[in-house]
Asker: 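My questions will all concern the structure given below.
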Amino acid sequence: MSGFLALLRRDLMLAVREGAALGTALGFYLVVVAMLPLGLGPDLKLLSRIAPGVLWIALLLAALLSLPRMFEADHEDGSLEVMATAPLPLELAVAAKALAHWISTGIPLALMAPVLGLMLNLELSLTPVLVATMLAGTPAVSFLGSIGAALTLKARRGGLLLALLVLPLYVPTLIFGISTIGFASVGQDGFSASLLVLMAVSVASIALAPVAAAAALRLQVS
């Protein structure tokens, strides 16, 4: 466990020192959401209706920008080979790196969403629900993204391939993230069930994604 915590602390410190990946993700999130009202026009009812979907889709795309760096730096400086032969199982190493990605990227994007929601005329009463769904769903974004990052580690034009591999995996998170906000907006009983399913998707991703990503990394370093 000490190795897991050391790796988690190392990745978080690197994310803070570099800052470029988080800045790029937050900047992309802001630009995409800010440009949408310019394209759709000043129809506040329309913006309010589509705001949850826009915020979720923009968050997924913004998170994609930082995924290639999850293993790339370790591959370049040889740390990945060391991790593959270290006493700490590679599955736990992958889990630590995905958790660091969620803390350094997923949480800031989720916390930025309410501010961007104001630009889309999202009802203030839905702000807590929006943040709750994103905090519940973004672990799946990081852990499922680790699979794509591992598979495309040595691929040319890996960013495009990564998007093609990972975005379909995000569909359940997207569907239940938006539907949870939709149930809350109309006061229907399906809110709790939808939120639980969203959390279940994240828990399943945390349990299974490191195994798949570690298998892909072993093929990459062998």
Asker: Which atoms form the tightest heavy-atom contact between L162 and L64, and what is the distance?
Answerer: CD2-O, 4.3 Å
Asker: Taking side chain as C-beta onward, heavy atoms only, is I181 less than 4.5 Å from L55?
Answerer: no
Asker: Shortest non-hydrogen contact from I178 to P52?
Answerer: CG1-O, 4.3 Å
Asker: Could you grab the distance from atom CE of M13 to atom CG of L8, nearest 0.5 Å is fine?
Answerer: 11.5 Å
Asker: Working to the nearest 0.5 angstrom, can you tell me the gap between L122 CG and S48 OG?
Answerer: 6.0 Å
Asker: Between L67 and A149, what is the shortest heavy-atom contact and its length?
Answerer: O-CB, 3.5 Å
Asker: In Å and rounded to the nearest 0.5 Å, what is the OG to CG distance from S185 to L130?
Answerer: 12.0 Å
Asker: Within the 4.5 Å heavy-atom criterion, are V131 and P114 side-chain neighbours or not?
Answerer: yes
Asker: So do M112 and L30 actually touch side chain to side chain, heavy atoms under 4.5 Å?
Answerer: yes
Asker: Are V94 and L14 connected in a single hydrophobic cluster, I mean Ile/Leu/Val/Met/Phe/Trp/Tyr linked by side-chain heavy atoms less than 4.5 Å apart?
Answerer: no
Asker: Run the side chain to side chain contact (heavy atoms under 4.5 Å, CB included) test on V32 and L61 for me, step by step, so that the C-alpha distance in whole Å, both residues' side-chain angles and the decisive distance to 0.1 Å come before the verdict.
Answerer: CA-CA 9 Å; V32 170; L61 296 177; 5.7 Å; no
Asker: So L165 and I147, do their side chains get closer than 4.5 Å, heavy atoms only?
Answerer: no
Asker: Under a 4.5 Å side-chain heavy-atom rule over Ile, Leu, Val, Met, Phe, Trp and Tyr, are I175 and V197 clustered together?
Answerer: no
Asker: Give the minimum heavy-atom separation between A216 and L151, together with the two atoms involved.
Answerer: CB-CD2, 3.6 Å
Asker: Mind checking whether L153 and L65 sit in one hydrophobic cluster, side chains of I, L, V, M, F, W, Y counted as touching below 4.5 Å?
Answerer: yes
Asker: Excluding sequence neighbours, so at least two apart, what forms side-chain contact (heavy atoms from CB on, under 4.5 Å) with L92?
Answerer: F4, L88, P89
Asker: Do W102 and L5 belong to the same hydrophobic cluster, where Ile, Leu, Val, Met, Phe, Trp and Tyr are linked whenever their side-chain heavy atoms lie under 4.5 Å apart, directly or via other members?
Answerer: yes
Asker: Do L174 and I57 touch side chain to side chain, with heavy atoms closer than 4.5 Å?
Answerer: yes
Asker: Provide the closest heavy-atom pair for L90 versus A214 in the form atom of the first, atom of the second, distance.
Answerer: CD2-O, 3.6 Å
Asker: With no hydrogens and no angle check, is any side-chain donor or acceptor of T105 less than 3.5 Å from a backbone partner on A63?
Answerer: no
Asker: In the hydrophobic cluster built from side-chain contacts under 4.5 Å, what are the other members alongside V115?
Answerer: none
Asker: Could you check whether any side-chain heavy atom of S146 comes within less than 4.5 Å of a side-chain heavy atom of M70, counting everything from C-beta outward?
Answerer: yes
Asker: Excluding sequence neighbours, so at least two apart, what forms side-chain contact (heavy atoms from CB on, under 4.5 Å) with L195?
Answerer: T133, A136, T180, F191, L198, M199
Asker: Quick one: salt bridge (charged side-chain N to carboxylate O under 4.0 Å, His left out) pairs with a partner in residues 92-108, sequence neighbours left out?
Answerer: D11-K97, D74-K97
Asker: Mark yes or no for whether S179, through its side chain, and F176, through its backbone, hold a donor-acceptor pair below 3.5 Å.
Answerer: yes
Asker: If you define the side chain from C-beta out and look only at heavy atoms, does anything of M83 sit under 4.5 Å from L7?
Answerer: yes
Asker: I need the minimum non-hydrogen distance between Y170 and V141, along with the two atoms involved.
Answerer: OH-O, 2.6 Å
Asker: Working note: I103 + L99, criterion side chain to side chain contact (heavy atoms under 4.5 Å, CB included); need CA distance, chi angles, decisive distance, verdict.
Answerer: CA-CA 6 Å; I103 294 173; L99 181 59; 4.1 Å; yes
Asker: Restricting to side-chain contact (heavy atoms from CB on, under 4.5 Å), what partner residues turn up for L38, sequence neighbours left out?
Answerer: none
Asker: Please tell me whether L196 and V203 are part of a single hydrophobic cluster in this structure, the criterion being side-chain heavy atoms less than 4.5 Å apart.
Answerer: no
Asker: What pairs with S205 under side-chain contact (heavy atoms from CB on, under 4.5 Å), at least two apart in sequence or on another chain?
Answerer: A140, F143, L144, V201
Asker: If I take atom CG from residue L109 and atom CH2 from residue W56, how far apart are they, to the nearest 0.5 angstrom?
Answerer: 10.5 Å
Asker: Just how far is it from atom OH of Y29 to atom CG of L116, taken to the nearest 0.5 Å?
Answerer: 5.5 Å
Asker: Between T85 (side chain) and E81 (backbone), is there a donor-acceptor pair under 3.5 Å?
Answerer: yes
Asker: Side-chain contact test, heavy atoms from C-beta onward, threshold under 4.5 Å: evaluate it for R69 versus E72 and give yes or no.
Answerer: yes
Asker: Nearest 0.5 Å, what's the CG-CG distance between L118 and L124?
Answerer: 6.0 Å
Asker: Just by modelled atom types, is the A150 backbone N or O under 3.5 Å from a matching donor or acceptor in the Q220 side chain?
Answerer: yes
